[in-house]
Amino acid sequence: MKKLFIAVSFLSILFCGCNKNSSWQSFSKDKTIEQKVDSVLALMTLDEKIAQMTQFASNGEIITGPASESDVARYLREGTIGSVFNTVTVENNRTVQDAAMQNSRLKIPVLIGFDVIHGFRTIFPMPLAESCSWDLDLMRKTANIAAQEASSVGIHWTFAPMVDIARDARWGRVMEGAGEDPYLGSLIAQARVKGFQGESWESLKETNTILACAKHFAAYGAAEAGRDYNVAELSERTLHEIYLPPYKAANEAGVATYMTAFNEIGGVPCTGSKYLFTDLLRKDWGFGGFAVSDHTAVKELIAHGVAKDEKEAAALAVNAGVDMDMADGVYIENLKKAVEEGLVSESVIDNSVRRILEMKFILGLFDDPYRYLSEEREKSTLLKPEFLETARDAVRKSVVLLKNDNSYFPLDKNKGQTVALIGPMVKNQRSLNGEWAGRGNRNESVSLFDGLMEKYKDSKIRFVYAEGCDLITNDRSKFMQALSVARQADIILVAMGEDFNWSGEAACRTDIRLPGAQQELLKELKKLNKKVGLVLFNGRPLDLSWEHENIDAILEAWYPGTMAGHGVADVIAGDYNPSAKLTISFPRNVGQVPIYYNHKNTGRPVDPANPKVDYRSFYLDVDNSPLYSFGYGLSYTSFSINNLKLDKTSMTKGGSIVVTADVTNTGKYDGAEVVQLYIHDITASVTRPVKELKGFEKVSLKAGETKQVKFEVSEKNLMFYDLNMNYTAEPGAFKLWVASSSADETNEADFELE
Ligand code: GLC
């Protein structure tokens, strides 16, 4: 029936008596998408074109920004809307499509978007957590599962991956990205884009893939003082060396859309930046999809002070190359006037509409606007057992073991002892999915308590429990009860962290210690002179200096999602040997922030042999180094890296050097080590970072086993933006390390580029 309906509707286009040139070309399959797009465009009035460039949030289902009184219902009735977001059920998405199909003149299908950031219904560990797995296949797989679930309810487009490099733990959105490194961030961006979209745009016509969106373009993570939406003041070189690579990599992976960043860069708000959205993205990078503003970001050009009213804001954004306006209605209410007054050429409008229509054709929506909608598919797809198993595996691989003195972990099932489970995150479920929880059911996420009860149900361990405090306030009224429970136990296992609203958008903090009374409770528990382990559920690097000095073991579990309790219990029990490594530095305290491993040397670097010699670049109160470095993470076993070799020490132009090393599991547990390759350009036409990640390999090793890792270093790995901003490699001396973290310089070698 639907097929017939669609045929009828297109026939109505053919004979709609349009007041436009109705030289409609048939939809015969041999027409190219471009020809079909032009055929539709030729029928459209200016109002209808501008409608295609308009996106509104559905009314009230899910709110992800300042509530905008968008009359989406009216626009849907009139059929004058190109896209809707935040509708997350088959029923509501069918209603949206029906509105366009039944009410609009041209019956152009509506594009439906949603923030499928780390899962749709099956919620995976937050993106920063997953990045600590250094497992690109896993990250592609979880994105693919998210696409399968989201598309099953009629969602065509996700506003992900967020690829913003972040070096500042005060910024709440560090939890959404892949950490501080451009090289790793670029590879992860590509894995996630392909997970959502498939291998190419060709695979977008499958109904289990969705458009991806590289966001937030650009340098949103460079917000000054770590305060969300704040200005990004950075050099052109830092922009190109550090912040742009993951966005560029996303384009190389075929990302279909980009989203503007709220911030300005050096005085130019991204949403009005022709340099970003036309010169760089389209002319230099050859991007062929479309760009959407972030939530009300077009209107915000007025607050930024670069547009005096909405008409100017609309003109600035669309002339910059921002094709679609999210949530504020500025395009649909102002662009026609802007065209009539000559502020915007209709050809600019046509280009934007072409890009949007092309995606709708590629998705197959013109063939069948309802092709993604199926109650049966929704029911059979969401929360599939194999999806939940993947989620549990992702949790295991995202948990970072930060400290493990006295072999506190794993907790041996066969060791008869009483363990006191203390803290607000022992039984908490609502925070486990983090802020961007899609359509995940917060009450479904497996708590640590439930995971441990399941894991240890036949063990010799007896658990006792007390909450002790909450995640936010300074209420100490439950301390006494917690201490009383802890006194009954042989050891104490504490679970603490951040409420899910304490990391994420508009969730920035100037104090990055455990919130509320949590650290106070830890200090009271410490006084009992029992071994204490700490499991953390949080979205950002925390200041754990006190914990590191006083707690025996620390496990960073982040916001692990639906299978939190089971995955973390797998690690606690030793059924999975932790293998994750940090992709973002943990500062000793907030005074060090921003802090990152690929920093510059300065003219007065600290001499490690004489760290306090005067007139050097150091702090009086803490060491320059982070508490936990980029690339750091412990295991229940131990590894050694030896026998570093280079097949040559001089690289010719266009040549390469083969680097090998042996990695040995020197402990008693099977495990996996992420072996990292770092390179330093010692002297160049501009200052270079003290080291940069240029390769890694995650190696699984049985206890006692040795394997060789091999890296091929080529000129490409040595390229940077020179004094004249040319991307090139310069001859000279280099150092490299094959290491277990960015702080490990045990295995060092020198080479030169001729
Ligand atoms: C929010 C976020 C953006 C998200 C959008 C739609 O403001 O900045 O990442 O995709 O609105 O929800």
Side-chain angles (χ1 to χ4, degrees), residues 13-14 16-25 31-56 75 78-83 100 104-111 257-258 260 271-279 281-283 287-293 297-299 301-302 306-362 365-366:
I13 290 176
L14 288 177
C16 62
C18 329
N19 54 6
K20 296 279 292 175
N21 163 14
S22 57
S23 62
W24 179 271
Q25 288 154 318
K31 294 294 179 203
T32 66
I33 284 187
E34 200 174 330
Q35 288 167 330
K36 291 176 184 174
V37 165
D38 285 337
S39 301
V40 178
L41 194 66
L43 293 173
M44 298 172 78
T45 65
L46 179 58
D47 288 322
E48 288 164 335
K49 292 174 183 176
I50 296 168
Q52 285 302 305
M53 299 165 68
T54 297
Q55 180 188 65
F56 278 116
Y75 289 123
E78 293 168 357
T80 56
I81 193 166
S83 177
S104 71
R105 185 175 75 90
L106 293 178
K107 303 181 182 350
I108 295 173
V110 180
L111 190 65
T257 69
Y258 279 77
T260 71
T271 305
S273 170
K274 192 173 176 67
Y275 168 70
L276 286 178
F277 284 91
T278 297
D279 301 341
L281 192 57
R282 296 187 187 284
K283 290 179 182 167
F287 170 62
F290 73 83
V292 63
S293 75
V298 175
K299 190 170 192 172
L301 293 172
I302 301 169
V306 294
K308 75 170 187 294
D309 56 27
E310 289 192 5
K311 184 175 59 184
E312 272 197 12
L316 183 60
V318 77
N319 285 329
V322 179
D323 305 300
M324 187 181 283
D325 166 33
M326 179 189 281
D328 57 24
V330 170
Y331 276 14
I332 201 161
E333 285 146 19
N334 296 279
L335 267 186
K336 186 171 186 179
K337 282 196 297 284
V339 170
E340 288 161 354
E341 294 172 14
L343 295 176
V344 176
S345 150
E346 187 157 358
S347 65
V348 167
I349 302 287
D350 288 350
N351 287 339
S352 291
V353 176
R354 271 196 192 89
R355 294 167 188 149
I356 295 164
L357 293 179
E358 182 181 16
M359 280 304 158
K360 295 186 178 183
F361 270 106
I362 287 171
L365 291 174
F366 274 94

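Only this structure's heavy atoms are used, side chains among them; waters, hydrogens and symmetry mates stay out.
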Exercise for the section: Report yes or no: does Ser83 contribute a side-chain atom to a donor-acceptor pair with the main-chain N or O of Leu111 at less than 3.5 Å? Expected result: yes

Exercise for the section: State the NZ-CG distance between Lys49 and Asn351, to the nearest 0.5 angstrom. Expected result: 10.5 Å

Problem - Between CZ on residue Phe361 and OG1 on residue Thr32, distance to nearest 0.5 Å - result: 9.5 Å

Exercise for the section: Going by the side-chain contact (heavy atoms from CB on, under 4.5 Å) test, name the single residue among Leu357, Ile349, Asp350, Ile50 that passes it with Met44. Expected result: Leu357

Practice task
Over all heavy atoms of both residues, which pair between Gly289 and Arg355 is shortest? Give the atoms and the distance, please.
Solution key: O-CD, 3.5 Å

Problem - Any side-chain heavy-atom pair of Arg354 and Glu358 under 4.5 Å - result: no

Practice task
I would like to know whether Phe366 and Lys36 meet side-chain contact (heavy atoms from CB on, under 4.5 Å); could you show each step before the answer?
Solution key: CA-CA 10 Å; Phe366 274 94; Lys36 291 176 184 174; over 6 Å; no

Exercise for the section: Measure the shortest side-chain to side-chain distance between Val292 and Thr257 over non-hydrogen atoms and say whether it is less than 4.5 angstrom. Expected result: no

Practice task
Go through the steps for Asp325 and Met53 under the test side-chain contact (heavy atoms from CB on, under 4.5 Å), then give the verdict.
Solution key: CA-CA 6 Å; Asp325 166 33; Met53 299 165 68; over 6 Å; no

Practice task
May I ask you to test the Asn319-Lys274 pair for a side-chain heavy-atom distance under 4.5 Å?
Solution key: no

Problem - Validation row: Asp47, Thr80 side chains within 4.5 angstrom (heavy atoms) - result: no

Practice task
Output the distance between atom CG (Leu276) and atom OH (Tyr258), rounded to the nearest 0.5 Å.
Solution key: 11.0 Å

Fill in the blank from the handout: Heavy-atom nearest pair, Thr54 first then Tyr331, reads OG1-CB, 4.2 Å

Completion exercise
Leu316 and Val306 have their tightest heavy-atom pair at CD2-CG2, 3.7 Å

Exercise for the section: Any chance you could measure Ser352, atom OG, to Gln52, atom CD, to the nearest 0.5 Å? Expected result: 11.5 Å

Practice task
State whether the number of non-hydrogen atoms from other residues, nucleotides or ligands found under 6.0 Å of Glu340 atom CD is greater than 12.
Solution key: yes

Practice task
Give the minimum heavy-atom separation between Leu335 and Ala314, together with the two atoms involved.
Solution key: CD2-CB, 3.9 Å

Exercise for the section: Give the minimum heavy-atom separation between Asp279 and Lys283, together with the two atoms involved. Expected result: O-CB, 3.2 Å

Problem - Flag, side chain of Tyr75 to backbone of Ala51, donor-acceptor distance under 3.5 Å - result: no

Practice task
Please round to the nearest 0.5 Å and tell me the distance separating atom CD of Glu333 and atom NZ of Lys311.
Solution key: 14.0 Å

Completion exercise
Between the CG atom in Leu343 and the NZ atom in Lys337, the distance rounded to the nearest 0.5 Å is 11.0 Å

Handout entry: Side chain to side chain, Arg105 and Thr45, heavy atoms closer than 4.5 Å
Key = yes

Practice task
Over all heavy atoms of both residues, which pair between Ile108 and Lys360 is shortest? Give the atoms and the distance, please.
Solution key: CG2-NZ, 4.0 Å

